[in-house]
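In the text below, chain A, chain B and the rest are named by the order of the sequence lines, each starting its count at 1.
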Amino acid sequence: MSDTAIDRSRLTVSDEVAIQILGMNKWYGAFHVLRDINLTINKGERIVVCGPSGSGKSTLIRCINRLEEHQSGKIVVDGIELTNDLKHIDQVRSEVGMVFQHFNLFPHLTILENCTLAPIWVRKVPKKEAVETAMYYLEKVKIPEQANKYPGQLSGGQQQRVAIARSLCMRPNIMLFDEPTSALDPEMIKEVLDTMIQLAEEGMTMICVTHEMGFARQVANRVIFMDQGQIVEQNEPEAFFNNPRSDRTRLFLSQILGH
Amino acid sequence: MSDTAIDRSRLTVSDEVAIQILGMNKWYGAFHVLRDINLTINKGERIVVCGPSGSGKSTLIRCINRLEEHQSGKIVVDGIELTNDLKHIDQVRSEVGMVFQHFNLFPHLTILENCTLAPIWVRKVPKKEAVETAMYYLEKVKIPEQANKYPGQLSGGQQQRVAIARSLCMRPNIMLFDEPTSALDPEMIKEVLDTMIQLAEEGMTMICVTHEMGFARQVANRVIFMDQGQIVEQNEPEAFFNNPRSDRTRLFLSQILGH
Amino acid sequence: ATLDDVKARGKLNCGTNTGLVGFAAPDANGDWQGFDVAVCRAVAAAVLGDSSAVEFVPTTGKTRFTALASGEIDMLVRNTTWTFSRDVDLKFTFVGVNYYDGQGFMVPKALGVSSAKELDGATVCIQTGTTTELNLADFFRVNNITYEPVPIETNEQAQQQYLAGACDVYTTDASGLAATRATFEDPTAHVVLPEIISKEPLGPLVRHGDDEWADIVRWTLNALIAAEEYGVTSANIDELAAAPTTNPEINRLLGTEGGLGEMLGLPADWAVKAIKAGGNYGELFEKYIGQNTPIGLARGLNAQWTDGGLMYAPPFR
Amino acid sequence: MTSYPDVSRETFRLRMLIFDTRYRSLTIQVVALIAFMLLVAWIVSNTVQNLADLGKPIDFGFLTGAAQYDINQTLIEYTNRDSHLRAAFVGLLNTLLVAALGCTLATVLGVIIGVLRLSRNWLVARLMTVYVELFRNVPVLLWIVFFMAILIETLPPPNAFRGENATASMLLGDSVALTNRGFYIPEPLFSRSLGDISVFGAFDISLDLIAFLAVLAAGLWASARIRARADRIQNQTGLRPTTWYLRLGVVAVPVLIVLVALGFHLGYPELKGFNFRGGIYMRNSLIALWLALSFYTAAFIAEIVRGGILAISKGQTEAAAALGLRPNRIMSLVILPQALRVIIPPLISQYLNLTKNSSLAIAVGYMDITGTLGGITMGQTGRELECVLLMMAFYLAISLVISTAMNWYDARVRLVER
Amino acid sequence: MSGTHAHSAAFVRDRMIPQEPPPDRSIGALGWLRQNLFSSWLNAALTLVSLALIGALLAAVLPWVVHSSWTANSLSECREQIKAAYGPEESGACWAVIRERWSQLIFGFYPSEIYWRPILAFGTALGGLAPVLFPGVPRRALYLTAAAPFLVPWLLWGGTVWLPVAVAFGFVLGYAGFRVVAPWAGGILGAIAAGLVPVLWWLLLAGKAAGGLQEILPLGIEPVSSRNFGGFMLSITIGLTAITLSLPIGILLALGRQSRMFIVKVICVGVIEFVRGVPLITLLFVAWLLLNYFMPPNTNFDIILRVIIMVTLFASAYVAEVIRGGLAALPRGQYEAADALGLDYWKAQRLIVMPQALKISIPGIVSTFIGVFKDTTLVSIIGLLDPVGFSNSIRADVNWNGIVWELYGFIALMFFIFCFSMSRYSMYLERRLRTGHR
Ligand SMILES: Nc1ncnc2c1ncn2[C@@H]1O[C@H](COP(=O)(O)OP(=O)(O)OP(=O)(O)O)[C@@H](O)[C@H]1O
Ligand SMILES: Nc1ncnc2c1ncn2[C@@H]1O[C@H](COP(=O)(O)OP(=O)(O)OP(=O)(O)O)[C@@H](O)[C@H]1O
Ligand SMILES: NC(=O)CC[C@H](N)C(=O)O
Ligand SMILES: [Mg+2]
Ligand SMILES: [Mg+2]
């Protein structure tokens, strides 16, 4: 994958808990999508979630910023429990950034406006400051020169980097990625992964649904394997890849890596 | 590229001229796309055209079957000069087959219908005969079993092979290929190249715009390098690749092969 | 020419009202009946020998003239007033008058109005494209009172609005008012005001430019009127037409003497057929709109000149 | 480079007209042009011939003659002594009036229904589906006559309001009367009126209205300034001052002052004589036409609105929500700006349709341009060709204006793409 | 590599958790109610308001619909019957008028003994359309499609059988003209010949030939004048003709509008924009008042024919715009591939471009058709007796004077059934075509 040398020792994990999920269950109608999920994630962790299609990976991370509602169990993000309380939801959402598979940039706004929209209207940041922040992050994802273009004028890789910058402009403590590279052409994947690696180096708490196993090995400190709505196995990347303990994991890995 | 062993000695070139282009120029509006092109191609030659994007490769081969009009100079195909005379244009087009980058199959017709359409309506071949011919060529490109499917049901590589078969059904003397593999996934490229190699072995006159240098080395008897609407260099493949004479060629080759 | 067209077609296209009881309305079987319709039938009988060879084209006040001008109908008998501009500017030929009429007003009795002059501020239902529409404007202007016109396409719509109380007054030709009132559930609840504010000579008309055809229609109408004058009725006509009678006038009318039919380009017994189609003018009047019908119009101005009326057929000679 | 023989200069031969790509298209165009001209010439010569035979050559002189008929709803001064041209103009204004009223109501209804169709409430969504299917699958003409029939048959006549034992009564504190002749609503009156001014000597405009509009415009301008200031403050500090009461105030207070100064009061309709007097009288024909056109068009607009909102993918909402935007901000900052681009072009063509459909006014006796110029004037003067041509020209002009507006909008909001 | 992990908590699930039912009442009837009707206060309020609205409407309309008379012969008789049956205060619907005038509402004044002819005609038309509309119908039915345009008018208007034969012969002549001229002078002249020969034939000879043949071999059925057409038969006749004719004309206009030839394009744009810019009613005025002026003196053709011409023109312009959208959506590569295979312009259009463009345009075309069918009611304004026009003349009958809702209700219902099924059909077609190639 990435050729960027990464110094894993610099990736530290604190002892503070960032996200705690306890006995969480979710149904779509009568269909049990997430079953008894228990997961504690500390600040600075980099979690990669993988698993077959339909196993509930997306649903899991969408529950974390309440794009989906869970029906039982408990989700606590940064000390705030997700209930129906709108205040809490807003608070959590402004702590948690999310990057979607299909970028979901706002096509009617310029790149800069995409990035400043939420800080101005949610964080009530003065415009000038918002623009500065936006430019800072756009530079970080290496596309400051595109600031005044519209999303339609950018390549897929550039768009995804804008999406990341847009999330970062809210200065979140936690970033969620839902297959951020799977809609991209091969050349563009690298651009985006590099950006994510950089983020990881800076100590961002990240949960990333991805099948880029190179990325997982290089960056993740934990890999979670899901199937049928359950966490089937989790482990450190080396152990996970070299020595999967469950049969389902082994089968899955053989498919993915043999590919 | 292809692993198929190819016996170059079997690829013969006759002395008869198939295509002759003399001092041809073409403009798009005020933009001079093709500048003083001179090129003679004999029957049985296999020409590979390469060059940077926008150098006019596509335009050149599209001029040969008059999808584009040239403004000065002369193009003679199989003894017929391309003028504004519709009769001549029709004649040339039924001598020259063309395969596009994006296949351009007719999505509302089955594979078989795609292949028999032109023979029936242009060549006035009885339907039965047309179907036989079509099946013959579909077998040749190794997808006779797909005959009754629709293009949308085939993979890209299969579609491109159908596109080749469709051209062949008109029994052309000359085949033009415009980057036939560049819209394909790597696994599918081989299928298509194999088909083209097979064609070459059977003595078809071919002009192929491609950046598949393996194919060029293996099959072409001449490689033409274009830049800025001009033919910058042409040579036999070995000489061309190992010993490019112009600086531009060298630069271009270093980019392409390093890739 | 029109005569040839009609003969070739084998049918007469006659424009009539979309529905005005007594003058022109289809009955339950879809057959058109009425005083105006009878004129069409008489012409058809005279020209084609068959009183049922008529294609009735229902027209509204607004559509009738275009239908005639564009050649869609051969003649128009739709209680149409003979006016200068229609004759001269619109280029039509009025061939005579089959009913001398004038414009009146009808109001519900409950309104307690006894004169048209009391109608200040009233809402008036009025058919568009008619002379009555123009007369009404003049009347209120002259008397310096106001009104609120409600323009309406057909008699039947006017009736609907009038009965629902969407207009206080309905105004049109007095004959039309009587005919309309006759169809009400309770005719006695409505009165026609005494004022007649205009002259409305109603008659058949044809296009300018085909005098032969105009003559045929004109003299067919005259034949009906003259027949009444001479005492030719549908009861005695067979007898009278069988052989020349002592009255040469009747003989010329019925074609047993002279060649009037030939001059028109019609068979000699053209008038016999026309009269037999429904009877003479008096019979038609009594049958469709006379005192014994629900409409109950008196002859009045429409009596023969011999009885002090205006019906005066020029001599047949 | 080698010199090359030039393309041989061919001599022109006749067959090149057909087989030479250069001449071929010319040949076809010339043939098409000639055929088209012949057709037009044929029609024109036939028409001239026919009209000459009838003795009425094309002549627009009749337009200056006295119309002689009365029109019930006149937005400008009109009497039966005025010319046909003025009558046509009265009709034209009536067309524009019903079109404007109709477009407004249709938009309001259409937006509400379109949004409700997306409601998560099953019953409401179904109900709106039924509404849409019902209205767009039945001819608009039928709706027009149907609404007219409802007005005429179900509402009481003015008579019913009369006397001791009246069977009907006015609504809203005796200020509104719904009768089967139409609706009477209070009218604005000014006891210290400024009077009228005459425009080109053709019609009068109330100075009160002008004063009112001028103050209103000034108020709106001030409000816009306040809003701009709020934007500025937000840009600087990030906090947006609450300004709605200020903005309301600058609009409302001066307007109120002007109204008081002019002695504004409402004129209530009163039953006098045969009819109500005073107030604004909306005739049943106007109401039936207005409601039918609006309800019918609203069904189409609802579909457009629904489509527009659905076209903005769920992803946009989710992305905005994930950024922490509140639902109302998501709507105003993300969904609406995008949905409007999808909605407005077809919406404008619905406006065009509504305007064209207003020509069905003739079915209920509403005196629009088809009723005056294309109806009574045509009937009384027998000038079919002239009247129909004028009418078509008028509608063409309208649709030209509207489609120009649409193209302009389209070009302005097109998403920038690669 | 290590030591940085707070959780080396490796975890393996040994027992998979099975599907469990959801905890609360989010399923079942109650759950459905809660989610769909009472999910919030606002929703609950909306639900109640809707229920009240539905209730009020039904309470107002249902008794009227049910408390009805089917047997009376006049409005007053009907009112009495209802009063007698349901009490003196009740009012109800007089469906009797529908019963009595049923055949008129459907067929107008068409002679009742030959009602089978319009029925057969529309059956034929449907049969002709079937192979086009539904894929399952055997190809042989296409013969019916070819015959229908001649058979249907003949059945409707009657007259000599030789006239449709002569008209059909024109097409044969056109084809022959093309075959004779094309090889010698090329496609374009061939096409002109194919257009010109039959037109000349129809204008100059067809009538005489039909007349002559009729003399020799009199074969025919009773002619019916179009004045007698009325009711839904009239709507369907106008609608169906306009719909079938507008498709080919619309295609030609759309192609003309896309053409690179300036003059052709200008003419087509002019026609399309003109027709779309004016209300249909003004076009009907033209049909009714002016079309006869446009024809040579003394040609006086049928008002229904004139109306059909104008409605067809109107529909064509709208269809052209829809098809233009379809053409624009077609990728350029398709044209190029067709060119490269040596297909000429018309063959490329017919075999490659149109089949795809039409498929894309189907929803638009069908909604245009629905619009045209609904707009046939406008002919009542120029005095034709379509259902709406007929309802007026029924009301002009003394017996039924004052009847309103029953007639409008019936007509509206019929139109609703026609239009609704057309729009459902278009959805079906869309769905079928979307999955067609996959
Ligand atoms: N809105 C919904 N309603 C009903 N079922 C849904 C909904 N969204 C997802 N599902 C189902 O829930 C299951 C889990 O979906 P989810 O998108 O979380 O899977 P995933 O692991 O992200 O798969 P993929 O790799 O394909 O994205 C799937 O079986 C899916 O069909
Ligand atoms: N229809 C056109 N109108 C104007 N310019 C054109 C048109 N088609 C191509 N060009 C221009 O002509 C030049 C040559 O185009 P051409 O497609 O032949 O290049 P190419 O060598 O095939 O490039 P590529 O490798 O990207 O396909 C380019 O600069 C292109 O922008
Ligand atoms: N009301 C009518 O239908 C006829 C009106 C009047 N007699 C006219 O000719 O204009
Ligand atoms: Mg997913
Ligand atoms: Mg190219």
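For A/Ile120, the parts lying under 4.5 angstrom from a heavy atom of chain D are both the backbone and the side chain. Contacts between A/Leu105 and chain D at a heavy-atom distance below 4.5 Å involve the backbone alone (N, CA, C, O). Residue contact with chain D, scored on non-hydrogen atoms closer than 4.5 Å, involves the backbone of A/Val96 exclusively.
Between chain D and the options A/Ile89, A/Thr116, A/Val125, the largest number of non-hydrogen pairs under 4.5 Å is found for A/Val125. Of the residues considered (A/Ala118, A/Pro172, A/Pro126, A/Ala130), A/Pro126 shows the highest number of contacts with chain D, using heavy-atom pairs under 4.5 Å.
For the atom pair CG of A/Leu109 and CG of D/Leu333, the computed distance is 8.0 Å after rounding to the nearest 0.5 Å. Rounding to the nearest 0.5 angstrom, the gap separating the CZ atom in A/Phe106 from the CG atom in D/Leu323 is 5.5 Å. Considering CD of D/Gln236 and NZ of A/Lys127, their distance stands at 11.0 Å, rounded to 0.5 Å.
Residues D/Asn235 and A/Lys128 are not in side-chain contact: their nearest non-hydrogen atoms beyond the backbone lie 4.5 Å or more apart. D/Arg240 is listed as a side-chain neighbour of A/Trp121, based on a closest heavy-atom distance under 4.5 Å. Annotation: side chain of D/Glu318 is in contact with side chain of A/Arg62 (closest heavy-atom distance under 4.5 Å).
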May I have the step-by-step check of side chain to side chain contact (heavy atoms under 4.5 Å, CB included) for A/Val122 and D/Leu325, ending in yes or no?
-> CA-CA 6 Å; A/Val122 180; D/Leu325 289 168; 3.5 Å; yes
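Across all their heavy atoms, A/Phe100 and D/Ala319 have their closest contact at CE1-CA, 3.5 Å. Residues D/Ala321 and A/Arg93 approach most closely at O-CD, 2.9 Å, considering heavy atoms.
A donor-acceptor contact shorter than 3.5 Å links the side chain of A/Asn104 to the backbone of D/Gly315. Side-chain atoms of A/Glu129 never come within 3.5 Å of backbone atoms of D/Thr237 as a donor-acceptor pair (strictly under, hydrogens ignored).
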